[in-house]
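Input: a single structure, listed below in structure tokens.
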Amino acid sequence: MSNAQAQKSVLWDWLTTVDHKKIGIMYLVAGGFFFALGGLEAILMRIQLMFPNFDFVTAQTFNELLTMHGTTMIFLAAMPLLFGFMNYIVPLQIGARDVAFPFLNSLGFWLFLFGGVLLNLSWFLGGAPDAGWTAYVPLSSEYSGTGIDYYVLGLQISGLGTLIAGINFLVTIINMRAPGMSMMRMPLFTWSSFVASALILFAFPALTVGLLLLMLERLFGATYFAVDVGGNVVIWQHLFWIFGHPEVYILILPAFGIFSEVLSTFSKKRLFGYSAMVFATLIIGFLGFMVWAHHMFTVGIGPVANAIFAVATMAIAVPTGIKIFNWLFTMWGGRIQFTTANLFAIAFIPSFVMGGVTGIMLATSAANYQFHDTYFVVAHFHYVIIGGVVFGLFSGAFYWWPRMFGYKLNETLGKWFFWLFLFGFHLTFFVQHFIGLMGMPRRVASYLPGQGIDELNFVSTMGAFLMSVAFILLVVNVIVSVKNKSEADPWDGRTLEWAIPTPTPEYNFAQTPLVRELDALWYEKTHGNGKIKAAEPLDDIHMPNGSILPIFMSLGLFLASFGLIYQVHPVTIIGLAITLGAMFIRSIKEDHGYHIHKEDIKKEEGVG
Amino acid sequence: MAEAVKHEQTLPSHPEKATLEGKNKFLGFWFFLGGETVLFASLFGTYLGLRNGVADGPTSQDLFHLDLVFIMTMILLTSSLTSVFAMINMKKGNFKGLIIWMWATVFLGACFLGFEIYEFIVYVDYGLGFTTSAFASSFYTLVGTHGGHVLFGILWISTLLIRYRKAGITLTNAPKFYVASLYWHFIDVVWVFIFTVVYLMGV
């Protein structure tokens with residue numbers, strides 16, 4: 001039967017795949033595309049702000065650009081790119097053949113993709129959303145065009161995909177670990193993915209409700225946010241930030257995990273304070289839910305609430321500080337290799353600490369009245385998101401590229417990329433602290449000359465150009481490096497994902513591995529023969545069948561969204577019928593997968 | 001866990017968790033219910049924030065009658081009990097008992113839904129439209145989302161019952177029935193909170 005699998009066309013294979021590795025790669029490709037799109041939007045904004053009173057784009061376009069830049073980068077670039085690594089790497093790190101729910105894994109990806117496409121179609125269909133990525137009411141409920149409808153439905157669909165992915169990772173990590181892989185032997189990337197998934201599970205439903213309310217308000221005349229008939233606009237802010245604050249930890253925790261892997265590998269040392277790192281991750285995850293109102297200090301929730309949320313926010317500095325010191329101690333006395341992946345990890349530490357320090361400043365609720373809605377805030381969150389998440393993505397890309405694609409990215413080009421990006425990043429955002437302190441508000445389409453911010457804005461735009469050049473170098477690197485075939489374990493790795501042949505076989509592990517220690521592969525290299533012991537005899541391997549249904553489920557919701565936006569309810573009904581019909585087929589059709597026979601495995605392993 | 005093995009004689013005592021797939025479903029569904037909890041908590045929070053925002057429309061005191069809601073509560077609680085009976089029968093390997101008690105659950109769920117639709121019609125007649133006031137919107141959204149969950153549960157369990165009407169208990173369908181009954185209990189628990197927070201605090 002495995003022969004029948006091999007005869008499928010390439011396109012059909014990718015459209016129907018439930019293989020976590022292929023889905024991971026699709027997440028990376030789609031996320032990379034949206035990352036470029038979000039970057040383009042940023043560049044257009046920076047050009048508009050290059051000179052005072054500049055007339056490059058209209059104010060309306062600027063509003064659409066800033067909204068779509070934020071929304072795209074958070075929901076369609078950073079998270080999917082992290083999901084790409086989580087999908088590909090986590091099952092390998094825990095010695096599993098697949099995720100717990102391969103079908104749902106595919107469904108999560110397609111929901112994300114259709115949601116992202118829906119959101120971006122708004123550019124061509126009456127204008128993109130223009131109320132900021134936070135879409136505060138009543139601006140978004142009463143004063144915005146159809147763009148917000150695309151925002152509401154696009155994010156609803158892709159958010160559903162995210163929630164499904166989160167549940168999938170939680171169950172995978174709890175149930176699918178190889179023998180001997182206890183929770184406290186899991187690599188930090190797996191741990192941080194686990195905690196981030198828990199945050200997704202408990203944070204995203206609040207967004208689901210917020211988006212549902214906004215949709216009902218806009219399309220069906222509900223009145224939650226209409227003050228004249230008893231509504232309350234602050235409810236939106238609460239719902240949004242109850243989701244929105246954990247969201248930033250959903251982004252940063254997997255990046256923390258990547259740094260832990262990279263710093264330990266390239267320092268040739270075991271991660272310092274492993275258990276402290278694990279508990280710090282858990283504490284950050286927990287505190288992430290306790291601080292949402294620090295985004296609302298100036299709304300008027302009162303001095304007591306402000307004080308409580310200020311203290312809770314500052315408390316997060318403690319576990320984060322523990323992590324920073326543990327990374328430093330991991331490098332201390334190590335044999336450090338300055339690969340591109342490691343350079344990003346090392347540069348992350350000071351960059352992220354700067355973002356953390358401005359975070360503490362912003363958490364001081366009294367001072368926050370001065371900083372609120374200025375470029376100081378913009379500088380702060382770009383320091384943590386680029387200096388943290390994006391550096392993590394680049395570090396992870398260079399580190400795991402050989403595992404995922406079978407070739408190594410060019411290190412010379414990589415170092416050019418790193419230095420240009422690092423320099424461009426600090427040039428862009430460091431000056432924005434001062435632009436903000438001088439009083440320039442965020443989200444304005446232009447500014448008047450002679451306020452002492454002209455030169456700083458110009459410098460900031462130059463930095464953005466440098467980052468773009470750097471990104472182009474990365475794309476070039478991906479293309480020209482294809483011929484640099486890599487061996488299975490190019491970095492002298494420590495964890496299980498480096499113990500298997502390259503390219504990674506469809507079934508990952510011919511025999512389920514037996515894990516004897518933290519850093520399982522390193523332990524076998526130093527205490528054994530360098531090969532992972534098997535926990536089972538070689539036998540037939542059960543694999544799930546691919547399915548086209550996830551695309552139909554997502555397509556149905558995509559169509560239904562158009563019906564809702566343009567109030568053509570037959571289309572809504574047809575769309576929902578497609579989705580429910582696909583779910584019905586999935587429910588009544590028992591699919592028991594197929595087996596790869598051990599003779600075929602022996603053949604493949606012999607070659608690999 | 002390859003073929004649709006049917007062995008009613010040798011079923012393990014927990015057929016819903018006997019396979020890795022079953023274990024995954026069981027755990028994944030608990031996590032899903034955790035997310036659903038946050039979803040309903042958000043809707044409850046919204047309702048509590050807006051329940052006095054009645055504008056010129058009717059208030060909850062004008063509308064709510066505990067006798068109707070009490071009957072609905074009893075029906076839904078009983079439906080949870082019947083789904084427990086179904087699960088007991090499943091663990092005993094009594095397929096017929098499973099099917100009968102599950103149908104009873106579906107029937108009671110449908111009765112509940114009928115009462116809820118009737119209740120909404122009465123309220124609309126009384127002047128509480130969906131768009132009348134913030135109270136009205138948040139009330140219909142909270143209770144309606146719960147009703148939507150009941151409807152989905154009815155359709156889901158009916159699908160399972162028709163699909164497996166002659167299949168016997170297998171290691172494949174036992175987890176499906178089990179998570180469906182978990183879902184049903186969850187809906188029931190949410191209703192207990194709605195009964196308390198919306199109706200008892202609203203009359």
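Reminder, nothing fancy here: chain letters follow the sequence lines and each chain counts from 1. If you're wondering where the values come from, they're calculated on a predicted model, not measured in any experiment.
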Going by atom types alone, do A/T223 and B/S137 pair a side-chain donor with an acceptor below 3.5 Å?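 Per modelled atom types, A/T223 and B/S137 side chains form a pair under 3.5 Å.
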Mind listing the closest non-hydrogen atom pair of [X] and [Y] along with its distance?
| X | Y | result |
| --- | --- | --- |
| B/V38 | A/F202 | CG1-O, 3.3 Å |
| B/G28 | A/V171 | CA-CG2, 3.3 Å |
| B/L39 | A/P205 | N-CB, 3.6 Å |

Choice from B/T46, B/V54, B/I162, B/D56 maximising heavy atom contacts with chain A below 4.5 Å: B/T46
Among B/G49, B/A134, B/G53, which has the most heavy-atom pairs under 4.5 Å with chain A? B/A134
Which value, rounded to the nearest 0.5 Å, describes the distance between [X] atom [atom1] and [Y] atom [atom2]?
| X | Y | atom1 | atom2 | answer |
| --- | --- | --- | --- | --- |
| A/L212 | B/S42 | CG | OG | 10.5 Å |
| A/H542 | B/E21 | NE2 | CD | 6.5 Å |
| A/N175 | B/L27 | CG | CG | 5.0 Å |
| B/Y164 | A/I588 | OH | CD1 | 9.0 Å |
| B/N52 | A/N232 | CG | CG | 11.5 Å |

So what's closer than 4.5 Å to chain B heavy atoms on [X]: side chain, backbone, both or neither?
| X | result |
| --- | --- |
| A/A226 | neither |
| A/F225 | neither |
| A/I242 | neither |
| A/T208 | side chain |

Less than 4.5 Å apart, any side-chain heavy atom of B/T141 and any of A/Y224?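 B/T141 vs A/Y224: side chains touch.
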Could you tell me if the side chain of A/L216 sits less than 4.5 Å from the side chain of B/F130, heavy atoms only?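 They are in contact (side-chain heavy atoms under 4.5 Å apart), so the answer is yes.
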Using non-hydrogen atoms and a 4.5 Å limit, figure out which bit of [X] sits close to chain A: side chain, backbone, both or neither.
| X | answer |
| --- | --- |
| B/L155 | neither |
| B/Y47 | neither |
| B/Y140 | neither |

So does [X] have more than 12 non-hydrogen atoms from other groups sitting under 6.0 Å from [atom1]?
| X | atom1 | result |
| --- | --- | --- |
| A/F289 | CZ | yes |
| B/F193 | CZ | no |
| B/W103 | CH2 | yes |
| A/F286 | CZ | no |

Spell out, as yes or no, whether a donor-acceptor pair under 3.5 Å connects the side chain of B/K25 to the backbone of A/F101. no
Given the rule in the side chain to side chain contact (heavy atoms under 4.5 Å, CB included) test, do A/E590 and B/R163 qualify, once you have shown the distances and angles that lead to the verdict? CA-CA 10 Å; A/E590 282 186 9; B/R163 165 70 176 83; 3.7 Å; yes
Please walk me through it: do B/F32 and A/L201 pass side chain to side chain contact (heavy atoms under 4.5 Å, CB included)? CA-CA 8 Å; B/F32 169 72; A/L201 175 62; 5.9 Å; no
Before you tell me yes or no, could you show the steps for A/V229 and B/T132 under side chain to side chain contact (heavy atoms under 4.5 Å, CB included), namely the whole-Å CA-CA distance, both residues' side-chain angles and the distance that decides it to 0.1 Å? CA-CA 8 Å; A/V229 283; B/T132 305; over 6 Å; no
Give the intermediate values and the outcome of side chain to side chain contact (heavy atoms under 4.5 Å, CB included) for residues A/M583 and B/W156. CA-CA 10 Å; A/M583 286 168 70; B/W156 178 17; over 6 Å; no
